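These notes concern the structure reproduced below.
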Amino acid sequence: MPDYTPTPADKFTFGLWTVGNTGRDPFGEPTRPAMKAPYLVQKLAELGAWGVNLHDNDLVPISASASERDSIVAEFKQALSDHGLVVPMATTNLFNDPAFKDGAFTSADARVRAYALQKTMRSMDLGAELGAATYVFWGGREGTEVDAGGKLLDCLGWFRDSLNFLAEYSESQGYGYRFALEPKPNEPRADIFLPTVGSALGFIATLDKPEQFGVNPEFAHETMAGLNFSHAVAQAIDAGKLFHIDLNDQKMGRFDQDLRFGAENPKGAFFLVQLLESSGYAGPRHFDAHALRTEDEAGVWAFARGCMRTYLIFKEKAQQFAQDSEIQAALAAYRVEDAELAQLTGTFSPQNAEALKARTFDRAALGARGPGLEQLDQLTMELLLGIR
Ligand code: GLT
Ligand code: MN
Ligand code: MN
């Protein structure tokens with residue numbers, strides 16, 4: 001039996017905030033001690049991860065002096081080079097500090113918006129220094145509980161102005177970042193702006209440099225919105241906008257759980273891995289999740305190992321799916337092609353339109369056809385359950 005041990009070639013990454021999560025929640029104190037960033041780097045490398053991602057303040061406390069910052073960053077860089085880990089993605093913490101309680105780029109207070117820009121530029125400098133190529137924007141505080149402030153249209157404009165400004169800043173510094181917007185429907189705000197992948201894709205088209213912007217969809221976030229994550233990812237891929245991805249799991253209709261990848265909805269996780277692996281997506285497979293609050297440090301590493309193993313197991317299952325002759329026959333039977341119709345519908349011409357309008361279809365036969373999806377899905381289940 002393969003041992004499903006990851007290697008850097010698998011491009012697995014974790015956020016410092018994920019394996020570094022101490023188990024604090026709105027109702028309880030931390031259940032495990034904080035671990036230092038260089039130690040997390042060492043452990044992730046031992047487990048076979050490729051990289052580590054961070055917010056500015058995961059590494060450098062918000063009140064650190066310039067010299068404290070420099071020594072923390074130097075120590076972190078040393079750990080990266082000692083253990084061979086890269087930093088593919090960086091982001092800004094624009095949600096923790098009370099200054100951002102009513103939004104960062106969408107605060108009604110122009111001073112907060114300006115501070116958010118300043119903090120993000122400094123954080124982009126840090127990410128560039130660490131070699132990050134992707135810069136994520138998760139607007140956790142960009143939202144409202146009440147709309148009495150009447151700022152909905154202004155917020156979209158402020159958000160757009162900020163992103164346009166930061167894209168110019170990246171260019172002026174030669175950072176070459178690709179920016180990825182990460183949607184989430186709610187939590188910590190009651191309603192977060194740009195709540196789904198579809199909303200983010202629509203917004204990106206309104207930016208000055210849309211080619212620099214894509215999305216960072218998260219399994220849990222689309223699930224919280226009651227949506228099918230693979231469908232959202234497919235739409236991002238189709239638009240050429242899948243710049244990054246946050247893998248985890250989530251029970252639908254609950255608070256943000258950030259469960260171990262595949263823990264709740266293994267079938268959904270399988271279809272996602274199948275989609276990603278067949279799509280040519282070459283970016284990081286980032287796990288944005290954390291160990292259960294019940295766990296100690298050993299549980300944290302079991303969690304991290306589990307995310308990667310489950311991904312690799314599903315990757316192997318996707319290969320089996322592609323090689324299973326019964327499944328492939330069922331798939332082939334599911335699709336019906338017709339060369340003559342392809343001619344008529346492939347390209348518009350007045351003649352094709354007339355010929356198509358004149359054509360007779362056996363509507364009853366079309367409606368009566370059984371496409372075999374029950375059988376195909378059961379074969380898939382049996383493959384996933386390990387009996388094929
Ligand atoms: C936060 C959030 C995540 C985002 C991170 C990036 S921070 O933990 O829940 O989904 O990806 O800012
Ligand atoms: Mn995320
Ligand atoms: Mn999340």
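The structure presented is a predicted model; accordingly, all values stated were derived computationally and were not measured. Atoms within a ligand are numbered from 1 in the order they appear, just like the ligands themselves. Throughout, residue positions are numbered sequentially from 1 according to the sequence presented.
Below 30°, between 30° and 60°, or above 60°: for Phe287 and Phe261 the angle between ring planes is between 30° and 60°, a tilted geometry. Note: His286 and His244 have tilted aromatic rings, judged against thresholds of 30 and 60 degrees for the angle between ring planes.
Atom 11 (O) of ligand 1 has as its closest protein heavy atom Glu182 OE1, 2.6 Å. The nearest heavy-atom contact from the protein to atom 3 (C) of ligand 1 is Asp288 OD2, 2.9 Å. Atom 1 (C) of ligand 1 has as its closest protein heavy atom Trp138 CZ3, 3.7 Å. Closest to atom 8 (O) of ligand 1 among all protein heavy atoms lies Trp17 NE1, 3.4 Å. Of the protein's heavy atoms, His55 NE2, 3.2 Å lies nearest to atom 6 (C) of ligand 1.
Counting heavy atoms under 4.0 Å from ligand 1, residue Asn216 does not touch it at all.
Counting only distance, with no hydrogens or angles, the side chain of Ser162 and the backbone of Trp158 share a donor-acceptor pair below 3.5 Å. Between the side chain of Arg388 and the backbone N or O of Leu383, no donor-acceptor pair lies under 3.5 Å. With hydrogens and angles ignored, the 3.5 Å screen pairs no side-chain donor or acceptor of Thr106 with any backbone N or O of Gly103. In this structure a side-chain-to-backbone donor-acceptor pair under 3.5 Å is present from Gln250 to Phe255.
Near Asp256, meaning under 4.0 Å from one of its heavy atoms, ligand 1 places the atoms 9 (O). Each of the atoms 11 (O) of ligand 1 lies under 4.0 Å from some heavy atom of Asp246. Atoms of ligand 1 lying under 4.0 Å from any heavy atom of His221, numbered from 1 in the order shown and given with element: 10 (O).
Take the N/O/S atoms of Asp288: the one nearest the Mn ion (ligand 2) is OD2. Shortest distance from the Mn ion (ligand 3) to Asp258 is reached at OD1 (N/O/S atoms only). The N, O or S atom of Glu182 lying closest to the Mn ion (ligand 2) is OE2. Looking at Glu218, its N, O or S atom nearest to the Mn ion (ligand 2) turns out to be OE1. In Asp246, the N, O or S atom that comes nearest to the Mn ion (ligand 2) is OD2.
Enclosure of atom CZ in Arg363 is not indicated, since only 12 or fewer non-hydrogen atoms of other residues, nucleotides or ligands lie within 6.0 angstrom.
Linking ILVMFWY residues whenever their side-chain heavy atoms come closer than 4.5 Å, directly or via other members, leaves Val233 and Phe203 in distinct clusters.
Aromatic rings of Phe193 and Phe159 (six-membered ring for Trp) have centroids beyond the 6.0 Å cut-off, not under it.
Figure legend: Arg178 and Phe243 shown as a cation-pi pair, the cationic atom lying under 6.0 angstrom from the six-membered ring centre and within 45 degrees of its axis.
An N or O contact shorter than 3.5 Å is missing between Thr92 and ligand 1 by distance.
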